[in-house]
There are 2 protein chains.
Amino acid sequence: MELMTETHRRPGPRIEEVARLAGVSKSTVSRVVNGEQYVSAKSRAAVAAAITHLRYSPNQAARSLAGSKANAVALIVSEQGSRVLSDPFFAGVLRGVHAELSGRHVQLLLMLSRPEDHDDLIAYLAGGHVDGALLVSLHGDDPLPHRLQEIGLPVVAGGRPLSTPSIPYVDSDNFTGGLDAVRHLVSLGRTKIATVAGPRDMAVGQDRLSGWRRGLSEARLPADLVAEADFTPESGARAMSELLDRTPDIDAVFAAADIIALGALQVLQARGRRVPEDVAVVGFDDSLLASTATPPLTTVRQDVEQLGRTMTWRLLGELAGDDGLPPSLLLPTALVRRASA
Amino acid sequence: MELMTETHRRPGPRIEEVARLAGVSKSTVSRVVNGEQYVSAKSRAAVAAAITHLRYSPNQAARSLAGSKANAVALIVSEQGSRVLSDPFFAGVLRGVHAELSGRHVQLLLMLSRPEDHDDLIAYLAGGHVDGALLVSLHGDDPLPHRLQEIGLPVVAGGRPLSTPSIPYVDSDNFTGGLDAVRHLVSLGRTKIATVAGPRDMAVGQDRLSGWRRGLSEARLPADLVAEADFTPESGARAMSELLDRTPDIDAVFAAADIIALGALQVLQARGRRVPEDVAVVGFDDSLLASTATPPLTTVRQDVEQLGRTMTWRLLGELAGDDGLPPSLLLPTALVRRASA
DNA sequence: TAGGGCCGTGAGAGCGCTATCTCGGTGGTG
DNA sequence: CACCACCGAGATAGCGCTCTCACGGCCCTA
């Protein structure tokens, strides 16, 4: 009797059984499950009761197959290293995305992809396994957004993508953030205001730098004290050293990120500068690092969780067929005053 | 002409087309795609060529439906707040999980669940939408691991689950870590060694505390200087204050996490204690916070990425039907000496 | 030379849903 | 009173794949 094969059946009831218990057809159950109209209150209640009683949970695979939609979106992190994941920025976005998704029966697939894996990624996404994609941490030359657009997958980027301006994105208002930081420094009477900028191949680096420039030009101060760092304390320290070597009498620094500011802070203290008396320091992000630094860091707050929520809202809107959605959105930033400036 | 409905067809070729191009049947293409035996080298090559040429990517939904397996695992974060996501611990685990999964055609579903959402979660998972689950950040009384076990879903926990000892888990050797921290403090000649312990309803809190106790008992020192905190600098600061109020002449503190140590450090400095001269401080985790603290923190390093990898390895092993897998695994920790002790 | 494995392959039956078509009943309109 | 729009419901055809089964050819053994 080879009928006795171990049938490894998936557990749980089928839609069929729910229909039988509720005394209606599969179609009606499907309508109820999908919240469609044209179902009598009576049927609706009967189905709901049956679902609860049987603990029915519709099979996503079957649903996707029949319905030509995946009920899932991908959060794609495109980065050479996987450093990003430790970044509070990423954590915040993730939290926001999840918050916005929760209760909507849309699954979140997390995909990291290094540039050399992009082909696989594209193939997978082109297969219709997700309905849309959220993109974060884009370096400027990353061809990924463009390629996603090519295969017709709805995409929203977190942070302005340098390479593909046509893609919808949500970003913090980094320019105004940088501008506000400098205005604050100017209001403190500082005149030799340097910056440790972020990577120039990322919009976030460019925009905060532009804000700094604008602030200095407003105050008719020279904008020549620039060093570049990536988002590590080490590179922040290195950049600060350069700046100090070049111009020892700097009296303020705008760091493009708290984590950069931290490295700068260490160098400043090691070189005998008092913060904020000799050199005022402003960071960016208002991460945990800012409040626990010594001295606590004045910084520009960005609400990354809100950024995640907004990206998701935008994507789901597009998937629902809303038009009139803004192509892109800028989220406000705010200066948080602490001891360092 | 309502035939003109927007047919929203999924893009890409079907298995059928690959078969036609390769001159074989669907069955053979399926065999090649799934790496089965009993396919001639010739057919295999023809199919591979066709796949490449057509950029074929099999439809996961159809695969899951026909094959009764989801080709996906869930990473479940069970927590009241969504604070966890910002935790470097979580980020590290995530990175490890992803690394171990990559190239295996297994998708990662990220699911956060507050206790009040557990019913939904269970229903979803019972539906066979994932093949297994990875669990992190469990408070002791969390019924989730038990319930997952009930529905027969293969599960591996990250961190020892207090409530369900029978569940396979992977954890850092927190006990030995705590022990090593104290031994180091003792070797420095400290005798009034306090601890700011982690939450007592989490294994990680209990185990590090036990290690501290053992260390003191080895050195025949009293183990009565205990305060408890959760994983925030604020609670660390509060706990440190209590400790100092109770016993002003403390000369060393073992904090159950770097983030707790940070709060302790601030209180210590505010109260005029020099670190490490008056009070030596040891943290746990070796997070970024440890190296950027003032002074840089001596701490116990745990390799959370490795933890994520190991959890995943264990789960995939179980899914592949390996037996002889160790039920649980402990990963080594290591003391990292810096300035604070 | 006949029999039995084993390899390589194809045909075809579902997997559990959703989408579409169909149809009877109801109530408002000319 | 006939007509028709519309609501509520059921029947059924796939969605794209995997899995089981069947079958022919080959090699090895008796």
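A note on names: the letters A, B, ... follow the listed sequences, proteins ahead of strands, and every chain is numbered from 1. Just so it is clear, the model here is predicted, and its values are computed rather than measured.
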Engineer: Quick one, B:N71 and B:Q60 - any side-chain contact, counting heavy atoms below 4.5 Å?
Structural biologist: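 With C-beta onward as the side chain, the pair touches.
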Engineer: Measure CD/B:Q60 against C1'/D:dC15 and give the value in whole Å, please.
Structural biologist: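 Interatomic distance, CD of B:Q60 to C1' of D:dC15: 15 Å.
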Engineer: Once you round it to whole Å, what is the distance between P of D:dT18 and CG of B:L65?
Structural biologist: 11 Å
Engineer: Does C:dG10 have OP1 or OP2 under 4.0 Å away from a side-chain N or O of B:T28?
Structural biologist: yes
Engineer: Does the side chain of B:S27 pick up a donor-acceptor pair with the side chain of B:S30 at under 3.5 Å?
Structural biologist: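 Not at all, the side chains of B:S27 and B:S30 share no donor-acceptor pair under 3.5 Å.
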Engineer: Taking the side chain of A:S40 as heavy atoms from C-beta outward, which of D:dA9, D:dG16, C:dT9 is closest to it?
Structural biologist: D:dA9
Engineer: Any idea which of C:dG10, C:dA13, D:dC15 is nearest the B:K26 side chain?
Structural biologist: C:dA13
Engineer: With nearest nucleotides of DNA chain C determined for B:V24 and B:A62 from heavy-atom distances, which residue corresponds to the more 5′ nucleotide?
Structural biologist: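 This one resolves to B:V24.
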Engineer: If only side-chain N and O atoms count, and only distance matters, is there a donor-acceptor pair under 3.5 Å linking A:H146 with A:S163?
Structural biologist: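 Side-chain D/A pair, A:S163 to A:H146: absent.
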Engineer: Can you tell me how far C1' of D:dC15 sits from CD of B:E16, to the nearest Å?
Structural biologist: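 In whole Å, D:dC15 C1' lies 14 Å from B:E16 CD.
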Engineer: Nearest whole angstrom, please: distance from the C1' of C:dG8 to the NZ of B:K42.
Structural biologist: 12 Å
Engineer: Measure from OH on A:Y38 to P on D:dA9 and round the result to the nearest Å.
Structural biologist: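 That distance rounds to 13 Å.
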Engineer: Looking at A:R44 and D:dG8, is any side-chain donor or acceptor paired with a base atom of the opposite kind under 3.5 Å?
Structural biologist: no
Engineer: Using whole Å, what does the distance between atom P of nucleotide D:dT18 and atom CG of B:N59 come to?
Structural biologist: 9 Å
Engineer: Closest approach to the side chain of A:Y56, judged atom by atom: which nucleotide of D:dC19, D:dC17, C:dC17 is it?
Structural biologist: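 Looking only at side-chain atoms, A:Y56 lies closest to C:dC17.
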Engineer: So which nucleotide from C:dC17, C:dG16, C:dA11 ends up closest to the side chain of A:I15?
Structural biologist: C:dC17
Engineer: Looking at C:dT18, I'd like to know if its phosphate oxygens (OP1 or OP2) sit under 4.0 Å from a side-chain N or O belonging to A:N34.
Structural biologist: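 Answer is yes, contact under 4.0 Å.
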Engineer: How many Å lie between CZ on B:R31 and C1' on C:dG10, as a whole number?
Structural biologist: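 Answer to the nearest Å: 8 Å.
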Engineer: Is there a side-chain polar atom (N or O) of B:S27 under 4.0 Å from OP1 or OP2 of D:dC19?
Structural biologist: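 Answer no for this pair, as no side-chain N or O of B:S27 is under 4.0 Å from OP1 or OP2.
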Engineer: Any donor-acceptor pair under 3.5 Å between the side chain of A:S30 and the base of C:dA19?
Structural biologist: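 There is none.
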Engineer: Which of the following nucleotides, D:dC15, D:dG16, D:dA9, is nearest to the side chain of A:A66?
Structural biologist: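 In terms of side-chain proximity for A:A66, the closest of D:dC15, D:dG16, D:dA9 is D:dC15.
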Engineer: Which pair of heavy atoms, one from B:S328 and one from B:I167, lies closest together, and at what distance?
Structural biologist: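 Scanning both residues, the minimum pair turns out to be OG-O, 4.0 Å.
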Engineer: So, B:Q149 versus B:T164: side-chain donor-acceptor pair below 3.5 Å or not?
Structural biologist: no
Engineer: To the nearest Å, give me how far apart NZ (A:K69) and P (C:dT18) are.
Structural biologist: 8 Å
Engineer: Side chain of B:R63 only, please: which of D:dT18, C:dT18, D:dT20 is the nearest?
Structural biologist: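 Closest nucleotide to the B:R63 side chain: D:dT18.
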